[in-house]
**Q** 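I have a structure here, written as structure tokens, and I will follow up with some questions on it.
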Amino acid sequence: METAFLFIFVFGFLFLGVPIAVSLGLSAVLYIALFSHDSMSSVAVQLFNASQNFTLLAIPFFILASSFMSTGGVARRIIRFSIATVGSIRGGLAIAAVFACMMFAALSGSSPATVVAIGTIAIAGMRQAGYTKDFAAGVIANAGTLGILIPPSIVMVVYAAATNVSVGRMFLAGVIPGILAGLMLMTAIYIMARVKNLPAQPWPGFKEIWGALAEAAVGLFLMVIILGGIYGGIFTPTEAAAVAAVYACLIALFVYRDMGPLTGIAWIEESDGALGLTGFKSYLYSIVAAFAVSGLLAAFEVTASFWTLWFWVVVAAVMVAYPMLRAGLSPAQLPETYARGAAAWGRNLGVIVLKFFPALFHADTKKVFSDSAKTTIMLMFIIVNALLFAHTLTAEQIPQVITDWMVEAGFNWFTFLIAVNILLLIGGQFMEPSGLLLIVAPVVFPIGMELGVDPIHLGIIMVVNMEIGMITPPIGLNLFVTSGITGMSLVQVVKAAAPFVLVLLLFLVLVTYVPILSTWLPYSLMGPEIVIQ
């Protein structure tokens with residue numbers, strides 16, 4: 001009976017409008033003070049332990065990387081590439097919006113950031129092409145949820161911290177479900193486009209596709225850094241998050257130059273001429289090609305390092321081949337081409353060195369750091385209090401009591417997953433994903449292990465439920481974000497998103513009862529997750 005007071009405290013505070021973090025922490029403290037045999041000193045110990053959790057350190061870095069990516073014009077370039085790739089299909093702009101959300105999700109790890117970054121541009125583009133505002137808003141609100149399913153995902157990091165499973169396995173487990181969810185949304189859009197006779201963009205040609213890919217490649221390379229670095233054994237997920245934040249900062253300030261003191265300064269000026277542009281690209285492509293070839297050779301253990309003879313052979317080959325074959329220059333023009341290209345590179349590198357420290361203290365950079373800090377503090381405050389609440393549950397052996405009851409009641413893994421989905425779908429309507437996950441995971445995780453549910457599979461199920469919770473009223477965060485960027489009322493956004501929510505519900509059923517979708521890739525590459533009770 002005393003256990004019921006813990007949940008009465010939580011829901012009572014939430015009903016009174018107390019913030020979720022305070023509700024969780026205060027409920028745990030009151031329960032310990034009034035009913036538990038646990039010492040009040042355990043509160044301080046748990047708060048300290050939560051703040052020292054190494055896995056959670058990845059969250060602020062991923063948030064910072066997401067902020068730079070959202071501000072630095074990466075979204076605009078991703079959308080251009082998406083439209084060039086799939087825009088010529090019936091309903092292509094909407095399909096391109098989903099494709100763009102999938103790619104941006106692989107950079108940000110945040111659902112609201114994906115909605116804001118992609119939706120701000122894509123919704124306006126769809127409206128100009130003749131799509132209704134409701135349809136465009138519904139597409140973005142739902143596609144934005146992929147931000148927490150496609151790795152890297154902040155919610156996956158939270159689940160890993162709450163249950164002590166591998167972040168790396170969780171990231172890999174989200175790849176196939178994330179792609180499948182995107183394809184299901186695209187298929188639904190295509191069917192609706194055929195029924196409603198929605199427009200298709202003209203075929204842009206391979207030149208536009210290549211140009212769009214080349215422009216977006218620097219930003220998209222962040223995926224390679226994060227996932228390649230983790231699974232290549234170069235760094236841990238937390239270190240990958242830190243590297244991602246630094247990389248996102250550098251490309252936003254110095255490569256794309258959409259913010260900071262270099263805004264408006266082009267890499268190539270008119271005075272460089274055609275030869276200068278060709279020489280500039282020759283240097284760039286030769287270095288990129290050399291690193292790519294050396295990386296492949298190192299991956300297949302042909303060479304042990306990048307700086308081998310092969311590297312310089314590729315550099316020399318591209319330096320000669322590109323200007324002659326691509327630009328049609330004669331051998332006599334090569335020296336001038338190289339000289340002008342070197343001058344362009346020297347000018348740009350000089351500007352970067354000169355503006356490096358001013359860029360780090362620029363108003364745009366300060367705003368990104370400030371916004372990221374606010375988001376981090378809010379999220380970490382929720383997480384720390386939720387972990388204190390989870391500790392109280394564990395100390396009072398509430399999960400064990402529930403496990404024994406469910407086993408005695410005849411629950412098996414099939415019916416257990418139904419109960420988990422119902423619980424999370426209802427809870428997701430009222431609570432922020434990280435807070436809800438930290439409350440529910442410590443309770444359902446040991447039950448799932450007792451009934452033979454795979455821990456990684458269970459994590460993906462919970463993340464998908466969190467996705468759906470972000471687009472269901474009354475607290476669906478994506479609904480509010482979409483409402484903010486479109487000017488539509490919350491009721492209008494809910495109606496617009498409803499048809500696509502049905503697609504995600506069907507996807508939830510597939511993920512729940514086809515566990516190989518979640519487990520095949522991580523266990524093929526990293527082996528099974530070992531849970532120590």
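All values derive from a computational prediction rather than experimental measurement. All residue numbers refer to positions in the sequence shown, counting from 1.
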**Q** Answer yes or no: is there a donor N or O on one side and an acceptor on the other, between the side chain of T263 and the main chain of G260, under 3.5 Å?
**A**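 Yes: the side chain of T263 pairs with the backbone of G260.
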**Q** A side-chain contact here means heavy atoms from C-beta on lying under 4.5 Å apart; do M156 and I460 qualify?
**A**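 A side-chain contact under 4.5 Å exists here.
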**Q** We want to know whether S67 and S372 form a side-chain donor-acceptor pair, criterion being a heavy-atom distance below 3.5 angstrom.
**A** yes
**Q** For K367, which of D371, D364, T365 qualifies under side-chain hydrogen bond (donor to acceptor under 3.5 Å, both in side chains)?
**A** D371
**Q** Do R169 and D454 meet the salt-bridge criterion of a basic N to acidic O distance under 4.0 Å?
**A** no
**Q** Give the intermediate values and the outcome of ring-ring contact (aromatic ring centres under 6.0 Å, His included) for residues Y247 and F68.
**A** CA-CA 9 Å; Y247 180 82; F68 275 113; over 10 Å; no
**Q** How long is the gap from CD1 on I471 to CG on L477, to the nearest 0.5 Å?
**A**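 Output value for this atom pair is 12.0 Å.
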**Q** Could you check if a side-chain atom of F13 sits within less than 4.5 angstrom of a side-chain atom of L24, using non-hydrogen atoms only?
**A**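 They are not in side-chain contact.
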**Q** Judged by atom type as modelled, is there a donor-acceptor pair below 3.5 Å linking the side chain of S483 to the main-chain atoms of L479?
**A**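 No: the side chain of S483 does not pair with the backbone of L479.
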**Q** From F62 CZ over to L379 CG, what is the distance, rounded to the nearest 0.5 angstrom?
**A** 13.0 Å
**Q** Side-chain contact test, heavy atoms from C-beta onward, threshold under 4.5 Å: evaluate it for L26 versus F9 and give yes or no.
**A**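 Side chain of L26 against side chain of F9, heavy atoms only: no contact under 4.5 Å found.
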**Q** Less than 4.5 Å apart, any side-chain heavy atom of P151 and any of V175?
**A**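 Yes; the side chains approach each other to less than 4.5 Å.
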**Q** I need the I59 CD1 to M380 CE distance, nearest 0.5 Å.
**A** 5.5 Å
**Q** How long is the straight-line distance from CD1 of I150 back to CD of E467, given to the nearest 0.5 Å?
**A**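 The distance works out to 8.5 Å.
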**Q** Look only at the side chain of S23 and the backbone of V18, and say whether a donor-acceptor pair between them is shorter than 3.5 Å.
**A**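 Present.
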**Q** Would you say the side chains of S111 and N478 form a donor-acceptor pair under 3.5 Å?
**A**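 Yes, a side-chain donor-acceptor pair sits under 3.5 Å.
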**Q** With a 4.5 Å heavy-atom cut-off, do V22 and N385 have their side chains touching?
**A**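 A side-chain contact is absent here, since even the closest heavy-atom pair is not under 4.5 Å.
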**Q** With rounding to the nearest 0.5 angstrom, report the CE to CG distance, M466 to L149.
**A** 12.5 Å
**Q** In Å and rounded to the nearest 0.5 Å, what is the CD1 to OG1 distance from I456 to T163?
**A** 7.5 Å
